[in-house]
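For reference, the structure discussed in these notes is given below.
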Amino acid sequence: MSCLFCRIAAGEIPASKVFEDADVLAFNDINPQAPTHVLVVPRRHIASLNDLTDEDDQIVGEVVRRAAAIAKTKGISESGFRTVFNTNREAGQTVFHIHLHLIGGRAMHWPPG
Ligand code: 5GP
Ligand code: ZN
């Protein structure tokens with residue numbers, strides 16, 4: 001198994017976990033870009049948003065709702081937070097196992113760089 005986030009999900013590589021259940025795992029980004037920077041991932045391998053099928057609707061919904069729930073526990077629901085799925089080269093995707101970045105705890109600019 002070569003996928004980094006599959007290996008984290010399997011417990012082969014340590015991560016600072018903030019949530020896990022049977023389907024979803026969330027852990028702190030190793031190189032945080034804000035006071036809160038959590039990655040929310042499905043345990044099941046999906047390489048990118050380009051690979052989603054109808055059968056993935058449930059897990060994508062779980063990932064998004066989990067990000068919002070974690071934002072609430074971090075106390076940034078009201079102040080605001082950003083959620084990002086990077087896809088492929090120009091967006092800067094570096095790990096090809098879908099992950100929702102949950103970023104918050106500071107003011108952010110729009111449009112992103
Ligand atoms: P991407 O660039 O693919 O959207 O995001 C990948 C993210 O994974 C980056 O923010 C990067 O800091 C994070 N990351 C890469 N390797 C590791 C790791 O081994 N552990 C953790 N917790 N995060 C990682
Ligand atoms: Zn994977």
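For the numbers below, each heavy atom of this structure counts, side chains included, while hydrogens, waters and symmetry mates do not.
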Legend entry - Side-chain donor/acceptor of Arg106 to backbone N/O of Gln33, under 3.5 Å: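 Confirmed, Arg106 side chain pairs with Gln33 backbone.
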
Legend entry - Gln93 side chain to Ala47 backbone, donor-acceptor under 3.5 Å: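 Here the side-chain-to-backbone pair exists.
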
Inset, instruction - Determine, step by step, whether Gln58 and Asp23 satisfy the side-chain contact (heavy atoms from CB on, under 4.5 Å) criterion, reporting the C-alpha distance in whole Å, the side-chain angles of both residues, the deciding distance to 0.1 Å, and the verdict. - result: CA-CA 10 Å; Gln58 167 132 4; Asp23 303 319; 5.8 Å; no

Compare every heavy atom of [Y] with every heavy atom of [X], then report the nearest pair and how far apart it is.
X      : Y      : answer
Arg44  : Glu55  : NH2-O, 4.3 Å
Leu102 : Ala71  : CD2-N, 3.8 Å
Ala67  : Thr83  : CB-CG2, 4.2 Å
Ala68  : Phe81  : CA-CZ, 4.3 Å
Ala34  : Gly104 : CB-O, 3.4 Å

Nearest 0.5 Å, what's the [atom1]-[atom2] distance between [X] and [Y]?
X     : Y     : atom1 : atom2 : answer
His37 : Asn31 : NE2   : CG    : 8.0 Å
Thr94 : Asn86 : OG1   : CG    : 8.0 Å
Asp29 : Thr36 : CG    : OG1   : 12.0 Å

Hydrophobic cluster membership, [X] vs [Y], 4.5 Å side-chain cutoff:
X      : Y      : value
Leu100 : Ile8   : no
Ile13  : Phe5   : yes
Val18  : Ile98  : yes
Phe19  : Ile103 : no
Leu25  : Val60  : no

Inset, instruction - Before giving the answer on side-chain contact (heavy atoms from CB on, under 4.5 Å), spell out for Leu39 and His101 the whole-Å C-alpha distance, their side-chain angles and the decisive distance to 0.1 Å. - result: CA-CA 5 Å; Leu39 303 175; His101 293 261; 3.4 Å; yes

Inset, instruction - Starting from the C-alpha separation in whole Å, work towards a yes-or-no answer on side-chain contact (heavy atoms from CB on, under 4.5 Å) for Asn88 and Phe96. - result: CA-CA 8 Å; Asn88 280 349; Phe96 287 82; 3.3 Å; yes

Inset, instruction - Applying side chain to side chain contact (heavy atoms under 4.5 Å, CB included) between Arg66 and each of Val64, Ile70, Val63, report the one that passes. - result: Ile70

Legend entry - Lys17 atom NZ, over 12 foreign heavy atoms within 6.0 Å: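 Yes, because the 6.0 Å sphere around NZ of Lys17 holds more than 12 heavy atoms from other groups.
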
Inset, instruction - Assess whether atom CD of Glu12 is packed by more than 12 heavy atoms of other residues, nucleotides or ligands within 6.0 Å. - result: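 Enclosed.
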
Inset, instruction - For His97, enumerate each residue passing the ring-ring contact (aromatic ring centres under 6.0 Å, His included) test, keeping only those at least two apart in sequence or located in another chain. - result: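 In terms of ring-ring contact (aromatic ring centres under 6.0 Å, His included), with neighbours along the sequence ignored, His97 is linked to His45.
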
Inset, instruction - Run the numbers on Ile59 and Ile46 for side-chain contact (heavy atoms from CB on, under 4.5 Å), then give the verdict. - result: CA-CA 10 Å; Ile59 189 64; Ile46 304 167; 4.3 Å; yes

